[in-house]
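Here the structure comes first, spelled out in structure tokens, and everything after it is commentary.
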Amino acid sequence: MTTSTLMFDPFSDDFFNGPYATYARMRDESPVYYSPDYDFYALTRHADVAAAFKDHETFSSARGVDLSMVRAMIAAGENPSPQMIIYMDPPDHRQMRSLVNKVFTPRAIQSLTHMVTEQIELHLPEDTDHFDAVQDFSALFPVEVITRMMGVDVSQAQQVRHWIDRSLHRAPGQIDMDEDGIQAGIEIGMWCYDLVQQRRDSPKDDMISRLIAAEILGDDGLPRRLDDIEITGFAALLGGAGAETVTKLIGSAVVLFAKNPEQWQKLLDDRSKVPLAVEELLRYEAPAQYNVRCSTRDVTLHGVTIPAEKPVFLVGGSANRDPRAWTDPDRFDIDRDHTEAQNLGFGYGIHSCLGAALARMESAVALNRLLDIMPRYEIDWDHCRRVSMQNVAGWHNVPVRVLR
Ligand code: HEM
């Protein structure tokens, strides 16, 4: 029997190294977990996390979606600025989402397959016998894809990725950005702002130009244009979301398939299963492990009252491993029945991932190419290293040797 104190610390090595044992205890022993150290609550059971994602009136995004920001905004009694889509509640969220939805529909994304495939080809590792599946491959192409969609100066794409990495980095025990992270955040902001100015001067057929031209209803009910700061915020969010997550999904894929070679063999035998593999990867090792909300009222669940104005972690990474929702959830199985429960890897409800169709397509193309270039491989486990980042989980290094 486990008697140790249950502790969930999203800024600890336990979290960075895969907190699945901790999640299991939280679901069983403390489904509404309270962290006395950080003064937040966490929901980990599938039914609770899914319901909270849907209930944006009780679990608001308006104070931000990471602990550092939600705490700071609660203390200041303010909402973050710039107002990004991910920090909006309805009705603002609905308006903003309808502006950008068109660019991300499965059909619109389908038309980008050629560009995505080209970027993946261009960023295949040079040495196909030994390479780092993250640093020499999966870190490189997603940012090239998203910067091309945005219509920005692509020569700086890799620089954008380094800025974002620095702004998300957290050492154990570190909740807020350090000086280096803040500096990187400023540089991303300035770069995006500059881009908005360029497109105002000479519009093109790209996402930023469309946002500049678009109108939304203002607080006074009259149509208005988005301002520079709003568009800058959106560009920075897309850069971050587009650059980080697929990188993590593919890095985790290489690790998980090495541990489950029979699943890799299934894909080698039948490539039509690749999209199923992407869904299972999202479920099993979600690149976005949690999203934070702020409670807007006292809410009682499982006998625990979460007071109003508290940060609440919605831990999708745990919900996706909940045996109350999934059969044998700790088994990595690309053939599993995905209709059993809602996969929360892309979130759920009004904020569910805008880039889901793009992420699925990019990941499928990338996995297919890996199947071509490394049908049999082994990992240099001693030199694998995880990222330590806010919200995001995955690998920084996954050195691979291809077996001939
Ligand atoms: C495997 C890849 C990805 C994963 C796991 C992922 C995960 C998520 C999750 C969990 C959310 C919900 C956030 C919340 O509820 O607070 C989200 C939202 C979002 N994602 Fe993704 N994402 C991925 C790829 C992408 C890509 C490629 C893009 C960009 C093109 C993108 C853009 C966004 C945006 C803009 C939102 C905010 C939507 C809103 O607030 O309405 N994501 N994503």
Side-chain angles (χ1 to χ4, degrees), residues 49-50 52-56 59-67 69-70 80 83-90 92-101 103-105 108-109 112 116 119 138 141-150 160-161 164 207 211 233-253 277-294 311-317 319-320 342-367 390-394:
V49 177
F53 267 125
K54 285 285 221 183
D55 184 0
H56 53 78
F59 299 100
S60 162
S61 297
R63 300 264 196 231
V65 291
D66 65 79
L67 184 63
M69 187 171 289
V70 176
Q83 261 294 313
M84 300 189 191
I85 185 172
I86 201 163
Y87 308 149
M88 289 176 182
D89 285 341
D92 295 354
H93 177 265
R94 201 173 308 123
Q95 286 205 52
M96 193 68 183
R97 183 99 183 192
S98 67
L99 274 187
V100 289
N101 255 342
V103 183
F104 289 99
T105 57
I109 294 304
L112 299 174
V116 169
Q119 286 310 312
S138 77
F141 67 84
V143 71
E144 301 284 348
V145 168
I146 193 70
T147 46
R148 274 165 181 76
M149 285 179 71
M150 287 159 70
V160 172
R161 170 171 74 86
I164 294 164
M207 208 188 304
L211 286 174
F234 189 71
L237 173 64
L238 280 189
E244 288 293 335
T245 47
V246 172
T247 299
K248 305 295 178 287
L249 187 96
I250 296 299
S252 297
V278 173
E279 297 311 303
E280 179 63 349
L281 288 161
L282 269 170
R283 183 195 70 82
Y284 192 87
E285 188 108 41
Q289 285 284 301
Y290 61 81
N291 301 98
V292 183
R293 299 293 191 257
C294 178
V312 183
F313 278 62
L314 310 187
V315 190
N320 274 349
Q342 177 71 35
N343 186 335
L344 300 178
F346 283 130
Y348 191 41
I350 61 168
H351 287 283
S352 75
C353 180
L354 181 67
L358 174 64
R360 286 188 164 110
M361 186 260 276
E362 271 185 67
S363 303
V365 176
L367 271 185
Q390 164 176 288
N391 295 47
V392 197

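Throughout, numbering of the chain's residues begins at 1 and tracks the sequence. These numbers come from a predicted model, not from an experiment. Indexing begins at 1, ligand by ligand and atom by atom, following the structure's order.
No part of M207 comes within 4.0 Å of ligand 1, judged by heavy-atom distances. Under 4.0 Å from ligand 1, heavy atoms of L354 appear from its side chain as well as its backbone. Here I350 has backbone heavy atoms under 4.0 Å from ligand 1, and that is the only part of it that gets that close. In H93, the part holding a heavy atom less than 4.0 Å from any atom of ligand 1 is the side chain.
For a threshold of 3.5 Å applied to N or O pairs, the pair formed by S352 and ligand 1 contains no separation below that value. Between E362 and ligand 1, no pair of N/O atoms sits closer than 3.5 Å. Checked by distance only, ligand 1 and S61 stay at 3.5 Å or farther apart across all their nitrogen or oxygen atoms.
Of all protein heavy atoms, the one lying nearest to atom 27 (C) of ligand 1 is G242 CA, 3.7 Å. Protein heavy atom nearest atom 40 (O) of ligand 1, with residue, atom name and distance: H351 ND1, 2.6 Å. At the top of the distance list for atom 42 (N) of ligand 1, counting protein heavy atoms only, stands C353 SG, 3.0 Å. Of all protein heavy atoms, the one closest to atom 28 (C) of ligand 1 is G355 CA, 3.6 Å. The protein heavy-atom contact nearest to atom 6 (C) of ligand 1 is F346 CD2, 3.7 Å. Nearest protein heavy-atom contact of atom 7 (C) of ligand 1 is G345 O, 3.7 Å. With respect to atom 38 (C) of ligand 1, the closest heavy atom belonging to the protein is R97 NH1, 3.4 Å. The protein heavy atom nearest to atom 13 (C) of ligand 1 is N291 ND2, 3.4 Å.
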Inset, instruction - Decide yes or no on salt bridge (charged side-chain N to carboxylate O under 4.0 Å, His left out) for E285 and K248, but give the supporting numbers first. - result: CA-CA 9 Å; E285 188 108 41; K248 305 295 178 287; over 6 Å; no
Inset, instruction - Evaluate the side chain to side chain contact (heavy atoms under 4.5 Å, CB included) criterion for residues S61 and R293: first the C-alpha distance (whole Å), next the side-chain angles of each, then the deciding distance (0.1 Å), finally the verdict. - result: CA-CA 5 Å; S61 297; R293 299 293 191 257; 3.3 Å; yes
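Taking a 4.0 Å cut-off on heavy atoms, R360 fails to register as neighbouring ligand 1. At a 4.0 Å cut-off, not a single heavy atom of V292 sits close enough to ligand 1 to count as contact. Ligand 1 lies nowhere less than 4.0 angstrom from a heavy atom belonging to Y348. Residue-ligand proximity: F53 is placed with a non-hydrogen atom under 4.0 Å from ligand 1. Residue contact annotation: M96 has no non-hydrogen atom under 4.0 Å from ligand 1.
The CG atom of L238 sits 10.0 Å away from the CE atom of M84 when rounded to the nearest 0.5 Å. The distance from atom CZ of F346 to atom CD of E279, rounded to the nearest 0.5 Å, is 6.5 Å. Expressed to the nearest 0.5 Å, how far CZ of R360 lies from CG of L249 amounts to 11.0 Å. Distance check: S352 OG to R97 CZ gives 5.0 Å after rounding to the nearest 0.5 Å. We find the CG-OG1 distance between L358 and T245 to be 8.5 Å, quoted to the nearest 0.5 Å.
Across I250 and S363, no two heavy atoms sit closer than the pair CD1-O, 3.8 Å. Here the closest heavy-atom approach between residue F104 and residue I109 is recorded as O-CG1, 3.6 Å.
For the pair E244 and P287, the minimum side-chain heavy-atom distance is 4.5 Å or more. Looking only at side-chain heavy atoms (C-beta outward), Y348 and V49 stay at 4.5 Å or farther from each other. A heavy-atom distance below 4.5 Å is not found between the side chains of V145 and V246.
Interface atoms of ligand 1 facing V65, defined by a heavy-atom separation under 4.0 Å, are 16 (O). Atoms of ligand 1 found under 4.0 Å from any heavy atom of L358, numbered from 1 in the order shown, are 27 (C), 30 (C). Per-residue contacts place F104 under 4.0 angstrom from the following atoms of ligand 1 (heavy atoms of the residue considered): 30 (C). For ligand 1, the atoms sitting less than 4.0 Å from at least one non-hydrogen atom of G347 are 10 (C), numbered in the order shown with element in parentheses. Atoms of ligand 1 lying under 4.0 Å from at least one heavy atom of I146, given by number and element, are 29 (C), 30 (C).
Not a single donor-acceptor pair under 3.5 Å links the side chain of H351 to the backbone N or O of Y87. No donor-acceptor pair closer than 3.5 Å links the side chain of N291 to the backbone N or O of G347. When atom types are taken as modelled, the side chain of R283 and the backbone of N320 share a donor-acceptor pair closer than 3.5 angstrom.
Considering T245, L282, V103, L249 only, the shortest heavy-atom separation from atom 24 (C) of ligand 1 involves T245.
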